[in-house]
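Below is one structure, written out as structure tokens; the observations come after it.
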There are 2 protein chains.
Amino acid sequence: MKTTIKDVARRTGVSIATVSRVINGLGGYSNDTRKKVLSAIDEMGFRPNAVARGLVSKKTHTIGVMLPDVSGMLAAEILKGIESVAKEQRYSVIVCNTNYSGDRSQEYVRTLKEKQVDGVLAVSEYMTPEKSKALLSLNLPVVLISTLSYSYPFPYVKVDDKQAAYSAVCHLIDKGHRRIAMISGDRADLIAGAPRIEGYVQALRDHGLSVDESLIRYRAEFESFGFHSGALCMEGLLRDKPGQFSAVFAASDELAMGALSCAYRHGVRIPDDLSIIAYDDTRIAEMATPPLTALHQPLFAMGSRAAEMLLDMSAAGTLEADSVIIPHKIIERESVRAL
Amino acid sequence: MKTTIKDVARRTGVSIATVSRVINGLGGYSNDTRKKVLSAIDEMGFRPNAVARGLVSKKTHTIGVMLPDVSGMLAAEILKGIESVAKEQRYSVIVCNTNYSGDRSQEYVRTLKEKQVDGVLAVSEYMTPEKSKALLSLNLPVVLISTLSYSYPFPYVKVDDKQAAYSAVCHLIDKGHRRIAMISGDRADLIAGAPRIEGYVQALRDHGLSVDESLIRYRAEFESFGFHSGALCMEGLLRDKPGQFSAVFAASDELAMGALSCAYRHGVRIPDDLSIIAYDDTRIAEMATPPLTALHQPLFAMGSRAAEMLLDMSAAGTLEADSVIIPHKIIERESVRAL
DNA sequence: ATGAAAGCGCTAACAC
DNA sequence: GTGTTAGCGCTTTCAT
């Protein structure tokens, strides 16, 4: 039998109300009883039942995190950031792996509602109108990370993708590159696809460089930002436009890894024959051979920032907050060579 | 105001007991009232409050997962497997990033107790006696993944590290290698450190090969299985024993990546000049240049298997279960060359 | 087949 | 300062 507040009360000879008071540090008891209660709690190994507490207080001290793939480097790092502040503020986090599925997402929203979470964070989720509606119907604080919704103005935390892509390409141009290819994720992706391409195009234009559509590659497939996709895009580039580009901007670390892998297979040396700059800068960027020069997103910080926002919102009882654009920067390593 | 079972009852004109019955499909009501209740639930968008349910049923349909680093490739993949079966069986999972800290672990155990989880999974946690004791005191089903406890026989799911290391080294020997170095994680690690070294030594001995202690490298530091450590160990090997080994067995993917990176920096080509076999085979193994031949651990499967065990235990009301040794295998890619 | 009522462990008035 | 009591939203006897 688990020990309850009642047991502590009986053992101490006070009422459960008093025990509750000292547990919650509410005051309204002598220093003497406080000590008695505290030591009883200690001796009995009593821990307040959070479920019972949640039922009456309507606060579960739990938040939900939805993400398409927990095992992705990006998501995992952000999750770590979230978990970190949650822990600090004594919150628990429930992970929901939506697996890129809208249906699954809907189910999770339902579950989170039943579980009475105090708020939800959506990481890299593709925000369809349905998903936004579901989240909205929770009537709970919601903060998006690395994504945003066009159907409802949920506050978000992300870098400016277009601007970041622009910076990355400018870096290449600064290094003397003129013929720059791009390996993108699905162009239909309005968050991480199209905007990065726009940044790429814009950078080229702003430097008086012409844009060759056939130098922009992507695959509209399942993991369009994945390793496999990167390798295939590079394959196409090497086949169709040999010697016609001196650098490539990859829209994700994995895409860059795929490109690297393909280049290696074809005997094209990085960065001697070809420069590559990646987007994300997850841990694999520095593990690559050669280490990837990359556009850095502060993943952990993004996660913790968003979690702070969410908990603040919850505390303030509001559903609104100002979105924050996180600054990005370029980490120079060895995959880009000056021409 | 949220709609409760009471609202549904009133709206339908039946008692809350009846509503509860149809929600739980317990039978004991006419088909007619069932339909009425169901449609009312639907119209009102009613969802049973899991917190209230948990309070009375003493089942929260929630499990806790403790791991030293959510953002690690290993853990993340295992977590995904866990989450997958949890979702299937309508369970939620709370992640606890212990950050390699014993204190943090203790705190989490307390939190999980308060939250009344139905069981806990510990992934790659270094099981000190204190941690085991804490977990044990929960009096709840516990299953370990990729680790085991010497202080208490918690059921676990893992591969046989010594045997797996043995296989990996045999693979190298089969390919004609005779001088084989090893880059290990902290030797003081009784789970993933020492056993893999033992497997390495055993394989050498069984093939009549001599064991050169100076060919075994590791660093007793924070992330002893990490990329940085791998690079440093390789550095030492290349410096101290140049040309004296034709292959290296790395005790983790990251260690192998570090070795690869260092080799590249020194102009030693993989696999032409040196072969490398890794342990783990997380997603980065295939992303490496060249792709790493590796000893594969079925991470996702390990996670899901353990979760199944845990939920079965919970359902059966037992704290015991048979541990399972997961079979491993070697994935041949391009980092090992036959001599 | 259905309802009344007693809790689950706790918090929060409200008394004294 | 401390106790009593009324719930929180649900499940579960026990009647009827």
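To find a chain, count down the sequence lines: A is the first, B the second, and so on, and within it residues start at 1. On a predicted model such as this, the values are computed, not experimentally measured, just so you know.
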If you measure from [atom1] on [X] to [atom2] on [Y], what distance do you get to the nearest 0.5 Å?
{"X": "A:E114", "Y": "B:N49", "atom1": "CD", "atom2": "CG", "value": "9.0 Å"}
{"X": "B:E83", "Y": "B:S304", "atom1": "CD", "atom2": "OG", "value": "11.5 Å"}
{"X": "B:Y150", "Y": "B:T128", "atom1": "OH", "atom2": "OG1", "value": "14.0 Å"}

Can you see whether A:T62 engages A:K115 through a side-chain donor-acceptor pair at a distance of less than 3.5 angstrom?
no
Identify the residue among B:E125, B:R104, B:K131 that makes a side-chain hydrogen bond (donor to acceptor under 3.5 Å, both in side chains) with B:T98.
B:E125
Is the B:Y100 ring parallel, tilted or perpendicular to the B:F222 ring (thresholds 30°, 60°)?
perpendicular
Value in whole Å for how far the P atom of C:dG3 lies from CZ of B:R10:
14 Å
Step by step, would you call A:L319 with A:L136 a side-chain contact (heavy atoms from CB on, under 4.5 Å)?
CA-CA 10 Å; A:L319 301 191; A:L136 194 56; 6.0 Å; no
Please confirm whether the shortest side-chain N or O distance from B:S30 to OP1 or OP2 of C:dT2 is below 4.0 Å.
yes
Outermost contacting nts on DNA chain D, any atom under 4.0 Å from chain A heavy atoms, listed 5' then 3', are D:dG1 to D:dG9
Within the structure provided, determine whether B:S151 and B:M127 are in side-chain contact (heavy-atom separation under 4.5 Å).
no
Quick one: what's the B/S/- string for nucleotides 4-11 of chain C, heavy-atom cutoff under 4.0 Å, read 5' to 3'?
B--BBBBB
